[in-house]
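The structure under discussion appears below in the form of structure tokens.
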Amino acid sequence: QVHLVESGGGLVQAGGSLRLSCAASTRTFSSNVMGWFRQVPGKEREFVAAISGGGGGTYYADSVKGRFTISRDNAENTVYLQMNSLKPEDTAVYYCAAKTGWSQIQFQRNYDYWGQGTQVTVSS
């Protein structure tokens, strides 16, 4: 069982930055692929980024590539999402998720554990 808790969301102006954190309660954090997804009301949850267990592999949605950076600290059981150059269309509830294995990391159905989400609002 993996318990995930996100934090760091808030209100920011367009062009600003936020850093989301996701703390995991598990003794096997470094064996989990971690992903970030986001969702707006009425739409499906959308893949944002993922990072391999050791941190050496990352993958981003085209919509955030070059603006967002995913990282992790396995000593602290935490994964981060640094979001720069934020746009109003980045407004969503952001979720972190955990899975095993690097395959099909962009599909939410492959993730086993989810946090409760944190709201990010970008004003124009």
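The chain is numbered in sequence order, starting from 1.
Of all the heavy atoms in Leu4 and Ala97, the pair that sits closest is CD1-CA, 3.8 Å. Of all heavy-atom pairs spanning Ile51 and Arg72, the tightest one is O-NH1, 3.6 Å. Nearest heavy-atom pair, Ala49 versus Leu81, reported as atom, atom and distance to 0.1 Å: CB-CD1, 4.3 Å. Residues Val79 and Ser71 share a closest heavy-atom pair of CG2-O, 3.1 Å.
In the model, Glu76 has no side-chain atom that pairs as donor or acceptor with a side-chain atom of Asn74 under 3.5 Å. Judged purely by distance below 3.5 Å, without hydrogens or angles, the side chains of Tyr94 and Arg38 pair a donor atom with an acceptor atom. Side-chain contact check for Asn84 and Ser17: at least one donor-acceptor pair (N or O, by modelled atom type) lies under 3.5 Å.
Taking the side chain as every heavy atom from C-beta outward, Trp36 and Ile70 approach each other to under 4.5 Å. Considering only heavy atoms from C-beta on, Val33 stays 4.5 Å or farther from Thr100 through its side chain. Annotation: side chain of Glu6 is not in contact with side chain of Leu20 (no heavy-atom distance under 4.5 Å).
Of the inter-residue distances, the one linking Asp73 atom CG with Ser21 atom OG reads 10.5 Å to the nearest 0.5 angstrom. To the nearest 0.5 Å, atoms CG (Asn77) and NE2 (His3) are separated by 12.5 Å. To the nearest 0.5 Å, atoms CZ (Arg19) and OG (Ser7) are separated by 9.0 Å.
Taken together through direct or relayed side-chain contacts under 4.5 Å among Ile, Leu, Val, Met, Phe, Trp and Tyr, Val93 and Phe68 form parts of separate hydrophobic clusters. Residues Tyr95 and Ile105 fall within the same hydrophobic cluster, defined by Ile, Leu, Val, Met, Phe, Trp and Tyr side chains chained together at heavy-atom separations under 4.5 Å. Note on Leu18: it does not cluster hydrophobically with Tyr80, by side-chain heavy-atom contacts below 4.5 Å among ILVMFWY residues.
Contacts of Thr28 classified as side-chain hydrogen bond (donor to acceptor under 3.5 Å, both in side chains), with partners at least two apart in sequence or in another chain: Thr26. Annotation: ring-ring contact (aromatic ring centres under 6.0 Å, His included) contacts of Phe37 (sequence neighbours excluded): Phe47, Tyr111, Trp114. Every residue two or more places apart in sequence or in another chain was checked for a salt bridge (Lys or Arg N to Asp or Glu O under 4.0 Å) with Glu89, and none qualifies.
For residues 52-61, no pair satisfies side chain to side chain donor-acceptor pair (under 3.5 Å), with sequence neighbours left out. Listed by first then second residue, pairs satisfying disulfide bond (SG atoms under 2.5 Å apart) with a partner in residues 85-115 read Cys22-Cys96, not counting sequence neighbours.
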_Working for side chain to side chain contact (heavy atoms under 4.5 Å, CB included), residues Lys99 and Gln104_ = CA-CA 10 Å; Lys99 69 184 297 292; Gln104 300 188 350; 6.0 Å; no

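Taking a 6.0 Å sphere around CD of Gln13, one finds it holds 12 or fewer heavy atoms contributed by other residues, nucleotides or ligands.
A salt bridge does not link Lys87 to Asp90: none of the charged nitrogens lies less than 4.0 Å from a carboxylate oxygen.
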Counting only pairs under 3.5 Å, give me each side-chain donor-acceptor contact of residues 117-124, with atom names and distances, residues two or more places apart or in other chains.
unit_1, atom_1, unit_2, atom_2, d
Thr118, OG1, Gly9, N, 3.2
Gln119, NE2, Ala92, O, 3.4
Gln119, NE2, Thr121, OG1, 3.3

